[in-house]
2 protein chains.
Amino acid sequence: MVRAGSASRPTGRSEDTRRALVDAAVEVLRREGFSAATARAIATRAGCNQGLVFYHFGSVVNLLLAALDEVSDQRRQRYEEALVGVQRPSQLVDLAARVFREDLDTGDAALLVEMIAGATSTPGLGEQVKARVEPWTQFATAALHQVVGASPLAAVVEPAEIAHAVVALYLGLELLSHLDGDRAAALALFDRARHLAALADLITGSTAGPQDEEET
Amino acid sequence: MVRAGSASRPTGRSEDTRRALVDAAVEVLRREGFSAATARAIATRAGCNQGLVFYHFGSVVNLLLAALDEVSDQRRQRYEEALVGVQRPSQLVDLAARVFREDLDTGDAALLVEMIAGATSTPGLGEQVKARVEPWTQFATAALHQVVGASPLAAVVEPAEIAHAVVALYLGLELLSHLDGDRAAALALFDRARHLAALADLITGSTAGPQDEEET
DNA sequence: GTCTATACTTGGATAGAC
DNA sequence: GTCTATCCAAGTATAGAC
């Protein structure tokens, strides 16, 4: 915790190396997937010796988890900022579409998928990844609550259930898009969803406007 | 081409080895995932020498593709048989739920996901896997056509689009179920879908449709 | 404390035995 | 034609240099 030496610079002697490795791990996971994410491949991309992976992170999987944390944190922050002020279903769909397209393009979605699928091959990794996916489903649940609120929709919609489906759809669409090398099909779905959301807007909007919130 | 020797039995001296390897590859992919599916791991499980992978299949990925073909073919056959006679939306949802649960339990869904995700790591594999996923989306599209038919639903439903979403959802739910070690959340979704499908039944049924037949 | 050189294990592929 | 013994590259991990 103590940052001795250079006062203003948080950039330490070894902190650079750690960061370089994490960034490289992110890139390799995004582009070449889990089973190509070896200590050698990552270190080469980071421009440093392969042994440093073990010195700084103890093992390859630990480094991969650090990479997952890195992108997860960034993304969650973006998401939460974007969620502020969203109240109507169609707004939420727009947000989801934007965010999903970004994740598709940056490769963040691919990274997550690779880690989940890769977890099958490494004992113990599943638990770790699971803990990092859950905040996500939580976020989606909260977003749905925020939008459905106390409207009549609340009677027919179970946020946690929809959230699970939405996250699954997100992951599945990434798999297919990646395979096709084409995100068009995925994006077309969001257009369709927007039309449906417009209907939902009428329901949430008819009883009350941007109004009070109650929770069950 | 000519199967000399034993006339009626296609079971040759080497055919046994091939089959043992394919079966072992299926098992390893299902249980330990793509990056653990090495020539050695598979051969060990098949109880034969590791070099046979290369003699019979040329490379590890070729063997993995043979494994994918094996389960894909079996599954497609089962699906098509089950689709016969399905006419109402709720019947289709029931079929989907049953089939999905089976694939979840046998690990067939896991195998497919592993191959798709793993394809990122191996140049050229993506194309091969894609060709094996497409029949699937085709099947889902055909099933939707069969159910929507010429009913009023046809005006608002685009089978190819829904099919894409359904396949994506299938893959995503597998990822999450596997991670959670719990398929309950996925199955709950199908219950929900059944209720929605019951509404759709009314729409398709209003023009034409038999009303008996009760299935669990 | 940071990093490199080295040890050892596992994996892909083939030359050659049967 | 079928399979095994062997080779080399790639992977993880650490002992020890700086």
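A, B, ... follow the sequence lines: proteins, then strands. Residue 1 opens every chain. Only a predicted model underlies this, so the values are computations on that prediction, with no experimental measurement involved.
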Task: Contact under 4.0 Å: A:R13 side-chain N or O vs C:dT2 OP1/OP2 - done: yes
Task: Distance in Å, B:I162 CD1 paired with B:L169 CG, rounded so as to fall on 0.5 Å steps - done: 11.5 Å
Open item on the list: I need the CG-C1' distance between B:N62 and C:dG12, as an integer number of Å.
Closed with: 13 Å
Open item on the list: For a quick test of reading the model: is some side-chain N or O of A:T17 closer than 4.0 Å to OP1 or OP2 of C:dC3?
Closed with: yes
Task: Test: B:R78 and B:E102 ion pair at under 4.0 Å - done: yes
Open item on the list: Just N and O in the side chain of B:Y55: are any of them under 4.0 Å from OP1 or OP2 of D:dT2?
Closed with: yes
Task: Parallel, tilted or perpendicular: rings of A:Y79 and A:W136 (30°, 60°) - done: perpendicular
- [ ] Tell me which of B:G51 and A:L52 sits closer to the 5' end of DNA chain D, going by the nucleotide each one is nearest to.
- [x] B:G51
Task: DNA chain C-proximal residues of residues 111-126 of chain A, any heavy atom under 4.0 Å - done: none
- [ ] May I ask you to verify if any side-chain N or O of B:H56 is less than 4.0 angstrom from the OP1 or OP2 atom of D:dC3?
- [x] yes
TODO: Measure from CD on B:E15 to P on D:dG1 and round the result to the nearest Å.
DONE: 15 Å
Task: Residue A:R19 excluded, over 12 heavy atoms near CZ under 6.0 Å - done: no
Task: A:S14 side-chain N/O to C:dG1 phosphate OP1/OP2 under 4.0 Å - done: no
Open item on the list: What I want to find out is whether A:D105 reaches A:R183 closely enough, with some N-O distance under 4.0 Å, to be called a salt bridge.
Closed with: yes
- [ ] Kindly point out which of D:dA5, D:dA10, C:dG12 is positioned nearest to the side chain of B:N49?
- [x] D:dA5
Open item on the list: At 4.0 Å (heavy atoms only), tell me whether A:V53 reaches a base, stays on the sugar-phosphate, or touches nothing.
Closed with: nothing
Open item on the list: Between the base of D:dA13 and the side chain of A:Q50, is one N or O donor paired with an acceptor at under 3.5 angstrom?
Closed with: yes
Open item on the list: Checking side-chain polar atoms at under 3.5 Å, does B:T120 have a donor or acceptor matched by the opposite partner on A:E32?
Closed with: no
Open item on the list: What is the distance, to the nearest angstrom, from the CG atom on B:L63 to the P atom on C:dG11?
Closed with: 15 Å
Task: Nearest-angstrom distance from the residue atom CZ of A:F57 to C1' of D:dG11 - done: 18 Å
TODO: Calculate the interatomic distance between A:F54 atom CZ and D:dG16 atom P; express it in whole Å.
DONE: 19 Å
Task: Nearest heavy atoms of A:L63 and A:A25, plus distance in Å - done: CG-CB, 3.9 Å
